[in-house]
Amino acid sequence: MNLYKSIFILAALALAGCATKNYGDEKFHLQMATHGKDVMWVPTKVEMAHEMLSVAKVRPGDIVYDLGSGDGVIPIEAAKKYKVRSVGIEYNKDLVALSKRNAERAKVSDIVEFKHGDIFVEDFSQATVLTLYLGDNLNFKLMPKILKMKPGTRVVSNTFRMESWVPDQEIRISNGEVAYLWIVPAQIDGLWHFTGLPGMESIQLQVVQKKQFFDGSLSQGARRTIHFEDGRIRGHQIQFEFVHKSKKYSFKGELKNSEIVGYVNDDPNLRVVAKR
Ligand SMILES: C[S@@+](CC[C@H](N)C(=O)[O-])C[C@H]1O[C@@H](n2cnc3c(N)ncnc32)[C@H](O)[C@@H]1O
């Protein structure tokens, strides 16, 4: 057993009281929680579940997925508090059964579903909010799949980060526990043709994307090239700044139907469109 798993088992024993405070019941014994496949069960505290859903700004129409859903606390709280459809994927059949009983007790079985399965096999691409309490390594293993999810999907991880993907937000709750939020960025890497910039016709925008950040250059044929750094992508929203003839410009727009559409310097007369 590796160090990581041992730490989790110690944590689980320490949290045994907490587990019952969450959603354990008379049919569930803690020994049943040890068969977790990649990591064993340690429950997210209800307070933290609320904070995670709050930082994800859950709203009507969202579909919340919790990967490795344990006793179901996050999907159940999402359904109770926000009345949104929620799904838990869990490998341990005893925990799946417990979470279904918990959903019934909470009277949300009509909008909450628990699937028995492996998070590395099951499809969760429908999610608009994805919650995790797994571990740095498992988050990292899931990262390529998460980055291909719909732009704007909010991903919240209890305690653990996702190596090389800087969180968009960090939250710390009153007891010192921490969670991280990432917003899946639109994929805009590559070459775009801009029209609408006054005095700058037929501009090419070359984007070099690194998750939610990008560097880029604007060029006009073989003429002058303007380089910029620190472009930001938040879901579909795109923004960057550049300097042209000693003047500072900012662009704010969004990816819509395969086009980047937006405004320069928030000026409604300076509407620009970029196509691949
Ligand atoms: C730390 S617990 C978190 C439980 C729940 N998400 C929460 O926040 O309360 C991790 C859960 O992932 C489950 N798990 C581990 N590996 C899994 C896998 N490959 N597929 C599905 N579930 C898995 C474990 O059984 C455990 O319930």
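Whatever order the structure lists them in is the order used to number ligands and atoms, beginning at 1.
On a distance-only criterion, Asn92 and ligand 1 share no N/O pair closer than 3.5 Å. The N/O atoms of Glu90, backbone and side chain alike, include one that comes under 3.5 Å of an N/O atom in ligand 1. Between Tyr91 and ligand 1, a contact under 3.5 Å exists for at least one N or O pair. Taking distance alone, with nitrogen or oxygen atoms compared against 3.5 Å, Asp38 approaches ligand 1 more closely than that limit.
Contacts of Thr131 with ligand 1, taken as heavy-atom pairs under 4.0 Å, are absent altogether. Contacts between Ser69 and ligand 1 below 4.0 angstrom, taking non-hydrogen atoms only, involve the backbone exclusively. Only the side chain of Asp66 comes within 4.0 Å of ligand 1, judged by heavy-atom distances. With a 4.0 Å cut-off on non-hydrogen atoms, Leu95 touches ligand 1 through its side chain and not its backbone. For Val73, every heavy-atom contact with ligand 1 shorter than 4.0 Å involves the side chain, none the backbone.
A salt bridge links Asp25 with Arg105: at least one charged nitrogen is closer than 4.0 Å to a carboxylate oxygen. Residues Glu163 and Arg161 are not paired through a salt bridge, judged by the lack of any N-O separation under 4.0 Å between the basic side chain and the carboxylate. A salt bridge does not link Asp38 with Lys141: every distance from a Lys NZ or Arg NE/NH1/NH2 to an Asp or Glu carboxylate oxygen is 4.0 Å or more.
Which parts of ligand 1 touch Ile74 is read off a 4.0 Å heavy-atom cut-off, strictly below it: atoms 8 (O).
If you check the side chains of Asp168 and Gln212, you find a donor sitting under 3.5 Å from an acceptor. Gln169 and Trp182 share no donor-acceptor pair across their side chains, judged by distance under 3.5 Å alone. For Ser86 and Glu77, the side-chain atoms include no donor-acceptor pair closer than 3.5 Å.
When Val39, Leu134, Leu67 are ranked by how near their heavy atoms come to atom 24 (C) of ligand 1, first place goes to Val39. Among Gly117, Pro43, Ser99, Gly68, the residue whose heavy atom lies closest to atom 5 (C) of ligand 1 is Gly68.
Each of Leu98, Asn102, Ile76 was evaluated against Phe114; a single residue qualifies, Ile76, per the side chain to side chain contact (heavy atoms under 4.5 Å, CB included) test. The ring pair (Phe, Tyr, Trp, His ring centres under 6.0 Å) test with Phe240 is passed by exactly one of Phe213, Tyr249, Phe228, Trp192: Phe228.
Using a 4.0 angstrom heavy-atom cutoff, Met40 counts as in contact with ligand 1.
Nearest approach of Phe124 to Ile119, heavy atoms of both residues: CE2-O, 3.6 Å.
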